[in-house]
Amino acid sequence: MGKRLVCACEDVSLDEVRRAFAAGHRDLESVKRVTGLGTGPCQGKSCVARVAQELLRLGATPAEIQPFTARTPVQPVPLAALAALDPAGLPLDDGVPLAPPGAEPPGPAAHPQADPLPPRADVVIVGGGIQGLSIAYELARRGVRDVLVLEQGYLNAGASGRNGGGVRAQWTTPTMIRLASRSLELCDRFAVEMGINVWFRRSGYLFLAPTAEQVSRIERNAELHRREGLRTRVVGPDEALQVVPELDPRRFRAAAWNPDDGVVFPWPFLWGYASRAEALGAKVRTFTRVTGFDTAGPRVTAVRTDRGRVACELVVVAAGAWSRDVAALAGVSLPNRPTRHEILVTEPLKPWLGPLVSVLGNGLYFSQSQRGEIVGGMGDPDEPEGVVQGSTLRFLARFARAAVETVPRLGEVKVIRQWAGCYDVTPDNNPVLGPAGFENFHQCSGFVGHGFMMAPAVAERYADWLAGRGKDEIFERFTLGRFESGAVAREDFIIG
(Lines give C-alpha, C1' and ligand atoms only; values in the text may rest on other atoms or scores of the structure.)
Protein backbone atom coordinates (compact mmCIF):
# COMPACT_ATOMS: atom_id res chain seq x y z
CA MET A 1 0.00 0.00 0.00
CA GLY A 2 1.33 3.42 -0.93
CA LYS A 3 2.02 6.29 1.40
CA ARG A 4 -1.23 8.06 2.34
CA LEU A 5 -0.44 11.76 2.58
CA VAL A 6 -2.54 14.05 4.74
CA CYS A 7 -0.30 17.13 4.39
CA ALA A 8 1.08 17.51 0.88
CA CYS A 9 2.97 20.71 1.76
CA GLU A 10 5.13 18.98 4.35
CA ASP A 11 4.90 15.39 3.13
CA VAL A 12 3.18 14.12 6.28
CA SER A 13 1.47 10.75 6.07
CA LEU A 14 -1.52 9.35 7.91
CA ASP A 15 0.73 6.78 9.55
CA GLU A 16 2.90 9.55 11.01
CA VAL A 17 -0.20 11.11 12.56
CA ARG A 18 -1.17 7.77 14.05
CA ARG A 19 2.31 7.24 15.47
CA ALA A 20 2.23 10.69 17.06
CA PHE A 21 -1.12 9.90 18.67
CA ALA A 22 0.16 6.56 19.94
CA ALA A 23 3.13 8.35 21.50
CA GLY A 24 0.75 10.51 23.54
CA HIS A 25 0.46 13.57 21.31
CA ARG A 26 -3.32 13.71 21.21
CA ASP A 27 -4.15 17.36 20.64
CA LEU A 28 -3.90 18.97 17.22
CA GLU A 29 -1.23 21.51 18.21
CA SER A 30 1.04 18.78 19.59
CA VAL A 31 0.58 16.56 16.53
CA LYS A 32 1.45 19.57 14.38
CA ARG A 33 4.73 20.06 16.23
CA VAL A 34 5.62 16.37 16.09
CA THR A 35 4.89 15.85 12.40
CA GLY A 36 5.23 19.35 10.92
CA LEU A 37 1.78 19.20 9.31
CA GLY A 38 0.15 22.53 8.63
CA THR A 39 3.42 24.51 8.57
CA GLY A 40 3.69 24.75 4.78
CA PRO A 41 2.28 27.26 2.29
CA CYS A 42 -1.39 26.33 2.75
CA GLN A 43 -1.12 26.64 6.54
CA GLY A 44 -3.23 23.57 7.22
CA LYS A 45 -6.10 24.37 4.91
CA SER A 46 -5.72 21.05 3.09
CA CYS A 47 -4.95 18.80 6.06
CA VAL A 48 -6.50 19.95 9.33
CA ALA A 49 -9.96 18.54 8.70
CA ARG A 50 -8.61 15.13 7.66
CA VAL A 51 -6.22 14.93 10.64
CA ALA A 52 -8.93 16.05 13.05
CA GLN A 53 -11.20 13.26 11.79
CA GLU A 54 -8.43 10.75 12.30
CA LEU A 55 -7.65 11.96 15.83
CA LEU A 56 -11.34 11.71 16.77
CA ARG A 57 -11.46 8.20 15.36
CA LEU A 58 -8.42 7.28 17.44
CA GLY A 59 -10.08 8.60 20.61
CA ALA A 60 -9.25 12.30 20.93
CA THR A 61 -11.87 14.56 22.45
CA PRO A 62 -13.47 17.45 20.48
CA ALA A 63 -11.57 19.93 22.69
CA GLU A 64 -8.29 18.39 21.61
CA ILE A 65 -8.83 19.05 17.92
CA GLN A 66 -9.27 22.81 18.09
CA PRO A 67 -7.87 24.18 14.80
CA PHE A 68 -4.50 25.86 14.76
CA THR A 69 -4.24 29.49 15.68
CA ALA A 70 -4.66 31.57 12.51
CA ARG A 71 -1.24 32.78 11.37
CA THR A 72 -1.10 35.79 9.11
CA PRO A 73 -0.37 36.34 6.27
CA VAL A 74 -3.35 34.38 5.00
CA GLN A 75 -1.57 33.76 1.71
CA PRO A 76 2.11 33.84 0.65
CA VAL A 77 3.23 37.47 0.16
CA PRO A 78 6.62 38.65 -1.20
CA LEU A 79 8.81 40.52 1.23
CA ALA A 80 9.09 43.37 -1.30
CA ALA A 81 5.34 43.98 -1.05
CA LEU A 82 5.50 44.01 2.73
CA ALA A 83 8.54 46.28 2.67
CA ALA A 84 6.47 48.84 0.76
CA LEU A 85 4.22 49.30 3.80
CA ASP A 86 5.03 52.05 6.27
CA PRO A 87 5.54 50.43 9.71
CA ALA A 88 4.94 53.75 11.46
CA GLY A 89 1.40 53.77 10.13
CA LEU A 90 0.60 50.29 11.39
CA PRO A 91 -0.65 49.63 14.92
CA LEU A 92 1.33 47.74 17.50
CA ASP A 93 -1.68 45.73 18.55
CA ASP A 94 -2.17 42.20 19.86
CA GLY A 95 -2.49 40.81 16.34
CA VAL A 96 -4.65 37.77 15.73
CA PRO A 97 -5.98 36.62 19.14
CA LEU A 98 -5.06 33.17 20.35
CA ALA A 99 -8.71 32.38 21.07
CA PRO A 100 -11.99 34.13 20.23
CA PRO A 101 -12.98 36.77 22.80
CA GLY A 102 -14.76 35.15 25.71
CA ALA A 103 -13.77 31.62 24.74
CA GLU A 104 -12.38 29.34 27.39
CA PRO A 105 -8.73 28.48 26.65
CA PRO A 106 -7.89 24.78 26.31
CA GLY A 107 -7.09 23.36 29.71
CA PRO A 108 -6.94 20.21 31.78
CA ALA A 109 -10.71 19.80 31.72
CA ALA A 110 -10.43 19.37 27.96
CA HIS A 111 -7.86 16.61 28.41
CA PRO A 112 -9.39 14.09 30.81
CA GLN A 113 -7.17 11.37 29.41
CA ALA A 114 -3.99 12.90 30.83
CA ASP A 115 -2.06 10.71 33.25
CA PRO A 116 -2.89 11.44 36.91
CA LEU A 117 -0.58 13.52 39.03
CA PRO A 118 1.44 11.71 41.69
CA PRO A 119 0.63 12.78 45.29
CA ARG A 120 4.26 13.74 45.87
CA ALA A 121 7.61 14.18 44.14
CA ASP A 122 11.09 14.98 45.35
CA VAL A 123 11.43 17.76 42.78
CA VAL A 124 8.61 19.62 41.01
CA ILE A 125 9.66 21.71 38.00
CA VAL A 126 7.12 24.30 36.87
CA GLY A 127 7.48 24.74 33.12
CA GLY A 128 7.92 22.15 30.37
CA GLY A 129 10.14 24.27 28.16
CA ILE A 130 13.80 23.81 27.42
CA GLN A 131 14.94 24.90 30.90
CA GLY A 132 12.56 22.66 32.83
CA LEU A 133 13.01 19.58 30.66
CA SER A 134 16.80 19.84 30.47
CA ILE A 135 17.05 20.12 34.27
CA ALA A 136 14.72 17.14 34.65
CA TYR A 137 16.90 15.11 32.30
CA GLU A 138 20.16 16.09 33.97
CA LEU A 139 18.73 15.36 37.44
CA ALA A 140 17.53 11.94 36.29
CA ARG A 141 20.99 11.21 34.86
CA ARG A 142 22.43 11.91 38.31
CA GLY A 143 20.02 9.53 40.04
CA VAL A 144 17.39 12.07 41.16
CA ARG A 145 14.51 10.40 39.38
CA ASP A 146 11.46 11.36 41.42
CA VAL A 147 11.09 14.48 39.32
CA LEU A 148 7.78 15.88 38.07
CA VAL A 149 7.58 18.50 35.28
CA LEU A 150 4.34 20.49 35.04
CA GLU A 151 3.54 22.24 31.75
CA GLN A 152 0.41 24.38 31.46
CA GLY A 153 -0.01 23.70 27.73
CA TYR A 154 1.52 21.28 25.23
CA LEU A 155 5.27 20.82 24.79
CA ASN A 156 6.70 23.57 22.58
CA ALA A 157 3.78 25.89 23.37
CA GLY A 158 5.98 28.61 24.88
CA ALA A 159 9.12 30.42 23.85
CA SER A 160 11.13 27.20 23.49
CA GLY A 161 9.00 26.22 20.51
CA ARG A 162 8.84 29.72 19.03
CA ASN A 163 12.45 30.85 18.72
CA GLY A 164 14.87 30.95 15.82
CA GLY A 165 17.11 28.19 17.15
CA GLY A 166 20.36 30.18 17.20
CA VAL A 167 23.20 29.02 19.49
CA ARG A 168 26.14 31.45 19.65
CA ALA A 169 29.15 31.97 21.83
CA GLN A 170 29.53 35.63 20.83
CA TRP A 171 28.66 37.34 24.10
CA THR A 172 30.19 40.19 26.07
CA THR A 173 31.02 38.60 29.44
CA PRO A 174 33.25 35.60 30.15
CA THR A 175 30.46 33.86 32.04
CA MET A 176 28.00 33.99 29.14
CA ILE A 177 30.69 33.03 26.63
CA ARG A 178 31.63 29.96 28.65
CA LEU A 179 28.01 28.90 29.17
CA ALA A 180 27.22 29.26 25.47
CA SER A 181 30.42 27.47 24.43
CA ARG A 182 29.48 24.55 26.63
CA SER A 183 25.98 24.49 25.14
CA LEU A 184 27.50 24.33 21.67
CA GLU A 185 29.59 21.33 22.75
CA LEU A 186 26.47 19.61 24.07
CA CYS A 187 24.60 20.41 20.86
CA ASP A 188 27.35 18.65 18.91
CA ARG A 189 26.46 15.32 20.47
CA PHE A 190 22.78 15.87 21.31
CA ALA A 191 21.42 13.85 18.38
CA VAL A 192 23.53 10.81 19.22
CA GLU A 193 22.89 10.89 22.95
CA MET A 194 19.17 11.59 22.69
CA GLY A 195 18.49 9.50 19.61
CA ILE A 196 16.75 12.33 17.75
CA ASN A 197 17.77 14.54 14.84
CA VAL A 198 17.79 18.23 15.79
CA TRP A 199 19.38 19.44 12.53
CA PHE A 200 22.17 21.16 14.43
CA ARG A 201 24.85 22.70 12.28
CA ARG A 202 27.83 24.93 13.06
CA SER A 203 27.41 27.31 10.18
CA GLY A 204 28.49 30.41 12.08
CA TYR A 205 27.08 33.81 13.06
CA LEU A 206 27.78 36.98 11.10
CA PHE A 207 27.01 40.21 12.97
CA LEU A 208 26.88 43.22 10.65
CA ALA A 209 27.97 46.56 12.12
CA PRO A 210 26.51 49.56 10.18
CA THR A 211 28.08 52.36 12.28
CA ALA A 212 31.52 53.26 13.56
CA GLU A 213 30.30 52.84 17.13
CA GLN A 214 29.14 49.31 16.39
CA VAL A 215 32.43 48.49 14.67
CA SER A 216 34.25 49.51 17.87
CA ARG A 217 31.83 47.36 19.82
CA ILE A 218 32.48 44.19 17.83
CA GLU A 219 36.23 44.86 17.93
CA ARG A 220 36.12 44.97 21.74
CA ASN A 221 34.01 41.84 21.79
CA ALA A 222 36.32 39.98 19.42
CA GLU A 223 39.30 40.69 21.66
CA LEU A 224 37.46 39.19 24.62
CA HIS A 225 36.33 36.25 22.52
CA ARG A 226 39.89 35.44 21.50
CA ARG A 227 40.97 35.47 25.15
CA GLU A 228 38.17 32.98 25.81
CA GLY A 229 39.35 30.72 22.99
CA LEU A 230 36.77 31.62 20.33
CA ARG A 231 37.65 32.11 16.64
CA THR A 232 35.74 35.40 16.31
CA ARG A 233 37.23 37.84 13.77
CA VAL A 234 36.22 41.30 12.67
CA VAL A 235 36.10 41.30 8.87
CA GLY A 236 35.51 44.00 6.29
CA PRO A 237 32.66 44.01 3.75
CA ASP A 238 34.75 42.18 1.12
CA GLU A 239 35.45 39.24 3.42
CA ALA A 240 31.87 39.25 4.72
CA LEU A 241 30.72 38.91 1.11
CA GLN A 242 32.81 35.78 0.81
CA VAL A 243 30.65 34.30 3.59
CA VAL A 244 27.31 35.67 2.29
CA PRO A 245 27.72 37.02 -1.27
CA GLU A 246 24.13 38.30 -1.42
CA LEU A 247 24.69 40.98 1.25
CA ASP A 248 24.43 44.63 0.23
CA PRO A 249 27.91 45.93 1.20
CA ARG A 250 26.61 49.51 1.44
CA ARG A 251 24.65 48.56 4.56
CA PHE A 252 27.55 47.79 6.93
CA ARG A 253 31.14 48.82 7.65
CA ALA A 254 32.43 45.58 9.18
CA ALA A 255 31.19 42.31 10.63
CA ALA A 256 31.97 39.94 13.49
CA TRP A 257 32.38 36.42 12.17
CA ASN A 258 32.57 33.27 14.27
CA PRO A 259 32.36 30.12 12.15
CA ASP A 260 31.73 27.92 15.21
CA ASP A 261 28.33 29.31 16.23
CA GLY A 262 25.33 27.29 15.15
CA VAL A 263 21.61 26.82 14.55
CA VAL A 264 19.29 24.06 15.72
CA PHE A 265 15.66 23.10 15.08
CA PRO A 266 14.03 23.77 18.49
CA TRP A 267 11.08 21.38 18.48
CA PRO A 268 12.92 18.02 18.55
CA PHE A 269 15.31 19.45 21.12
CA LEU A 270 12.41 19.49 23.60
CA TRP A 271 11.20 16.06 22.55
CA GLY A 272 14.69 14.67 23.07
CA TYR A 273 14.98 16.01 26.60
CA ALA A 274 11.40 15.02 27.48
CA SER A 275 11.64 11.47 26.18
CA ARG A 276 15.04 10.77 27.75
CA ALA A 277 13.98 12.28 31.08
CA GLU A 278 10.90 10.07 31.14
CA ALA A 279 12.91 7.02 30.12
CA LEU A 280 15.09 7.61 33.18
CA GLY A 281 12.11 7.89 35.52
CA ALA A 282 11.01 11.55 35.48
CA LYS A 283 7.35 12.38 34.87
CA VAL A 284 6.12 15.05 32.45
CA ARG A 285 2.52 16.23 32.74
CA THR A 286 1.13 18.64 30.14
CA PHE A 287 -2.05 20.74 30.34
CA THR A 288 -1.52 21.18 34.08
CA ARG A 289 -1.61 24.71 35.46
CA VAL A 290 -0.06 25.65 38.80
CA THR A 291 -2.50 27.60 40.97
CA GLY A 292 -0.56 28.05 44.21
CA PHE A 293 1.92 26.74 46.74
CA ASP A 294 1.65 25.47 50.31
CA THR A 295 4.36 26.75 52.61
CA ALA A 296 5.57 26.12 56.17
CA GLY A 297 8.11 28.56 57.56
CA PRO A 298 11.09 28.86 55.22
CA ARG A 299 10.01 26.05 52.92
CA VAL A 300 7.51 25.27 50.19
CA THR A 301 5.77 22.01 51.05
CA ALA A 302 3.48 21.42 48.08
CA VAL A 303 2.46 22.64 44.65
CA ARG A 304 -1.23 23.16 44.00
CA THR A 305 -2.57 22.72 40.47
CA ASP A 306 -5.89 22.66 38.71
CA ARG A 307 -5.53 18.88 38.68
CA GLY A 308 -4.64 18.36 42.31
CA ARG A 309 -1.95 18.89 44.95
CA VAL A 310 1.60 17.51 44.85
CA ALA A 311 3.72 17.46 48.02
CA CYS A 312 7.39 18.06 47.33
CA GLU A 313 10.86 18.64 48.72
CA LEU A 314 12.00 21.19 46.16
CA VAL A 315 10.47 23.41 43.47
CA VAL A 316 12.18 24.86 40.39
CA VAL A 317 10.26 27.62 38.58
CA ALA A 318 11.29 27.51 34.91
CA ALA A 319 8.16 28.95 33.34
CA GLY A 320 9.77 31.50 31.00
CA ALA A 321 7.52 34.50 30.42
CA TRP A 322 5.12 33.16 33.04
CA SER A 323 7.80 32.81 35.76
CA ARG A 324 6.98 36.15 37.38
CA ASP A 325 3.32 35.16 37.76
CA VAL A 326 4.19 31.68 39.07
CA ALA A 327 6.65 33.07 41.63
CA ALA A 328 4.03 35.58 42.74
CA LEU A 329 1.76 32.69 43.71
CA ALA A 330 4.27 32.02 46.50
CA GLY A 331 4.57 35.70 47.35
CA VAL A 332 7.97 36.04 45.63
CA SER A 333 8.48 39.15 43.49
CA LEU A 334 10.66 38.82 40.38
CA PRO A 335 11.74 41.87 38.34
CA ASN A 336 11.19 39.98 35.08
CA ARG A 337 9.16 41.63 32.31
CA PRO A 338 7.63 39.50 29.53
CA THR A 339 7.77 41.11 26.09
CA ARG A 340 6.50 39.83 22.76
CA HIS A 341 9.00 38.90 20.06
CA GLU A 342 7.83 38.09 16.53
CA ILE A 343 9.32 35.80 13.93
CA LEU A 344 8.46 34.49 10.46
CA VAL A 345 9.31 31.81 7.94
CA THR A 346 9.36 32.01 4.15
CA GLU A 347 8.83 29.56 1.35
CA PRO A 348 11.73 27.10 0.93
CA LEU A 349 14.63 28.05 -1.35
CA LYS A 350 17.66 26.23 -2.65
CA PRO A 351 20.49 26.38 -0.07
CA TRP A 352 22.39 29.68 -0.38
CA LEU A 353 22.78 31.03 3.16
CA GLY A 354 25.28 29.41 5.52
CA PRO A 355 25.41 31.43 8.75
CA LEU A 356 22.84 33.21 10.85
CA VAL A 357 23.06 36.90 9.88
CA SER A 358 22.21 39.66 12.33
CA VAL A 359 22.29 43.44 11.95
CA LEU A 360 23.37 45.40 15.00
CA GLY A 361 21.25 48.42 15.73
CA ASN A 362 17.91 47.27 14.35
CA GLY A 363 17.96 43.72 15.75
CA LEU A 364 17.24 41.94 12.45
CA TYR A 365 18.36 38.31 12.25
CA PHE A 366 17.73 35.45 9.85
CA SER A 367 19.12 32.07 8.83
CA GLN A 368 18.16 29.34 6.37
CA SER A 369 16.70 26.14 7.76
CA GLN A 370 17.65 22.67 6.61
CA ARG A 371 14.37 22.67 4.68
CA GLY A 372 15.44 25.79 2.79
CA GLU A 373 13.16 28.31 4.51
CA ILE A 374 14.39 31.69 5.67
CA VAL A 375 13.63 31.92 9.40
CA GLY A 376 14.01 35.36 10.92
CA GLY A 377 12.85 37.78 13.58
CA MET A 378 13.19 41.31 14.79
CA GLY A 379 12.32 43.02 18.05
CA ASP A 380 10.25 46.19 18.33
CA PRO A 381 11.49 48.80 20.84
CA ASP A 382 7.92 50.04 21.27
CA GLU A 383 6.55 46.64 22.24
CA PRO A 384 4.81 46.99 25.64
CA GLU A 385 5.24 44.61 28.54
CA GLY A 386 2.93 41.61 28.61
CA VAL A 387 2.46 37.98 27.63
CA VAL A 388 1.12 38.54 24.13
CA GLN A 389 1.55 35.99 21.34
CA GLY A 390 -0.55 37.50 18.58
CA SER A 391 1.04 38.32 15.20
CA THR A 392 1.08 41.77 13.62
CA LEU A 393 1.32 43.30 10.14
CA ARG A 394 3.61 45.93 11.66
CA PHE A 395 6.25 43.27 12.32
CA LEU A 396 6.01 41.97 8.75
CA ALA A 397 6.58 45.47 7.40
CA ARG A 398 9.51 46.22 9.72
CA PHE A 399 11.19 42.86 9.11
CA ALA A 400 10.66 43.02 5.34
CA ARG A 401 12.20 46.49 5.05
CA ALA A 402 15.25 45.58 7.08
CA ALA A 403 15.74 42.21 5.38
CA VAL A 404 15.45 43.56 1.83
CA GLU A 405 17.87 46.38 2.64
CA THR A 406 20.37 43.80 3.92
CA VAL A 407 19.87 41.21 1.15
CA PRO A 408 18.00 42.71 -1.84
CA ARG A 409 17.22 39.32 -3.39
CA LEU A 410 15.00 38.53 -0.39
CA GLY A 411 12.41 40.89 -1.88
CA GLU A 412 11.27 38.10 -4.17
CA VAL A 413 10.79 35.60 -1.37
CA LYS A 414 7.29 34.94 -0.06
CA VAL A 415 6.37 34.79 3.62
CA ILE A 416 4.23 31.80 4.45
CA ARG A 417 3.87 31.95 8.24
CA GLN A 418 4.55 34.17 11.23
CA TRP A 419 4.18 33.72 14.97
CA ALA A 420 5.26 35.25 18.26
CA GLY A 421 6.75 34.20 21.55
CA CYS A 422 7.87 36.14 24.60
CA TYR A 423 11.25 37.25 25.89
CA ASP A 424 11.56 37.06 29.68
CA VAL A 425 13.52 40.25 30.36
CA THR A 426 15.45 41.18 33.50
CA PRO A 427 16.97 44.60 34.36
CA ASP A 428 20.53 43.49 33.48
CA ASN A 429 19.64 41.02 30.69
CA ASN A 430 20.95 38.11 32.75
CA PRO A 431 18.97 35.22 34.26
CA VAL A 432 17.63 34.79 37.77
CA LEU A 433 18.96 31.55 39.26
CA GLY A 434 18.83 29.91 42.68
CA PRO A 435 16.41 30.02 45.63
CA ALA A 436 14.26 33.09 46.22
CA GLY A 437 11.82 33.71 49.09
CA PHE A 438 12.06 30.14 50.37
CA GLU A 439 15.11 27.95 50.81
CA ASN A 440 13.74 25.25 48.49
CA PHE A 441 11.98 27.51 45.94
CA HIS A 442 14.41 27.84 43.04
CA GLN A 443 14.23 30.15 40.04
CA CYS A 444 15.51 29.49 36.52
CA SER A 445 14.16 32.35 34.45
CA GLY A 446 14.90 35.73 32.86
CA PHE A 447 17.02 34.56 29.93
CA VAL A 448 15.92 37.47 27.66
CA GLY A 449 15.61 35.52 24.45
CA HIS A 450 18.73 33.40 24.85
CA GLY A 451 17.39 30.76 27.23
CA PHE A 452 17.24 28.11 24.56
CA MET A 453 20.94 28.34 23.77
CA MET A 454 21.99 28.53 27.43
CA ALA A 455 19.76 25.72 28.69
CA PRO A 456 22.02 22.69 28.08
CA ALA A 457 24.92 24.24 30.01
CA VAL A 458 22.83 25.77 32.79
CA ALA A 459 20.96 22.49 33.31
CA GLU A 460 24.22 20.62 33.85
CA ARG A 461 25.30 23.03 36.56
CA TYR A 462 21.86 23.19 38.16
CA ALA A 463 21.56 19.42 38.33
CA ASP A 464 25.07 19.09 39.80
CA TRP A 465 24.12 21.51 42.55
CA LEU A 466 20.69 20.02 43.33
CA ALA A 467 22.13 16.49 43.27
CA GLY A 468 24.83 17.48 45.76
CA ARG A 469 27.76 17.49 43.33
CA GLY A 470 28.84 21.07 43.89
CA LYS A 471 27.60 24.58 43.27
CA ASP A 472 28.70 26.64 40.24
CA GLU A 473 29.56 30.31 40.55
CA ILE A 474 26.64 31.30 38.30
CA PHE A 475 24.34 30.59 41.24
CA GLU A 476 26.17 33.24 43.25
CA ARG A 477 26.40 35.68 40.33
CA PHE A 478 22.79 35.53 39.12
CA THR A 479 20.82 35.51 42.37
CA LEU A 480 17.62 37.53 42.75
CA GLY A 481 19.35 39.49 45.51
CA ARG A 482 21.83 41.09 43.08
CA PHE A 483 19.25 43.66 42.06
CA GLU A 484 19.13 44.98 45.61
CA SER A 485 22.91 44.97 46.13
CA GLY A 486 23.53 46.67 42.78
CA ALA A 487 26.36 44.25 41.91
CA VAL A 488 25.27 43.59 38.33
CA ALA A 489 27.16 43.33 35.03
CA ARG A 490 24.75 44.12 32.21
CA GLU A 491 24.77 41.94 29.11
CA ASP A 492 24.19 44.22 26.10
CA PHE A 493 24.65 41.87 23.15
CA ILE A 494 20.96 41.01 22.93
CA ILE A 495 19.56 40.73 19.40
CA GLY A 496 16.06 40.59 18.10
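Only heavy atoms go into these numbers, but all of them, side chains included; no hydrogens, no water, no symmetry mates.
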Mark yes or no for whether [X], through its side chain, and [Y], through its backbone, hold a donor-acceptor pair below 3.5 Å.
X: Arg202; Y: Pro259; value: no
X: Thr35; Y: Val17; value: no
X: Thr426; Y: Pro431; value: no
X: Glu383; Y: Asp380; value: no
X: Arg145; Y: Ala140; value: yes
X: Arg162; Y: His341; value: no

- Would the number of heavy atoms belonging to other residues, nucleotides or ligands and lying under 6.0 Å from CD of Glu246 be above 12?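 Yes - once you tally the heavy atoms of other residues, nucleotides and ligands closer than 6.0 Å, there are more than 12.
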
- Task: Applying side chain to side chain contact (heavy atoms under 4.5 Å, CB included), run through Val34 and Trp271 and close with a yes or a no.
- Result: CA-CA 9 Å; Val34 171; Trp271 306 327; 4.2 Å; yes

Give a yes or no on whether a salt bridge exists between [X] and [Y], defined as a side-chain N under 4.0 angstrom from a carboxylate O.
X: Arg371; Y: Glu10; result: yes
X: Glu54; Y: Arg4; result: no
X: Arg120; Y: Asp146; result: yes
X: Arg401; Y: Glu405; result: no

For the residue pair [Y] / [X], report whether a side-chain donor-acceptor contact shorter than 3.5 Å exists.
X: Thr392; Y: Glu342; answer: yes
X: Ser275; Y: Glu278; answer: no
X: Asn336; Y: Ser323; answer: no

Could you tell me whether the side chain of [Y] reaches within less than 4.5 Å of the side chain of [X], counting heavy atoms only?
X: Pro76; Y: Glu347; value: no
X: Val316; Y: Val124; value: no
X: Val31; Y: Tyr154; value: no
X: Pro384; Y: Leu92; value: yes
X: Leu353; Y: Val244; value: yes
X: Tyr462; Y: Leu433; value: yes
X: Pro355; Y: Tyr205; value: no

- Chi angles and distances behind the side chain to side chain contact (heavy atoms under 4.5 Å, CB included) call for Leu133, Phe269: CA-CA 10 Å; Leu133 292 171; Phe269 225 91; over 6 Å; no

- Item | Given Leu410, Ile374, Val77, Ile416, the one that forms side chain to side chain contact (heavy atoms under 4.5 Å, CB included) with Thr346 |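 Among Leu410, Ile374, Val77, Ile416, the one that satisfies the side chain to side chain contact (heavy atoms under 4.5 Å, CB included) with Thr346 is Ile374.
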
- Run the numbers on Asp382 and Arg398 for salt bridge (Lys or Arg N to Asp or Glu O under 4.0 Å), then give the verdict. CA-CA 12 Å; Asp382 295 326; Arg398 294 183 72 247; over 6 Å; no

Using distance only, find each side-chain donor-acceptor pair of residues 194-201 under 3.5 Å and give its atom names and separation, not counting sequence neighbours.
| from | atom 1 | to | atom 2 | distance (Å) |
| --- | --- | --- | --- | --- |
| Asn197 | OD1 | Trp199 | N | 2.9 |
| Arg201 | NH2 | Gln368 | O | 2.2 |

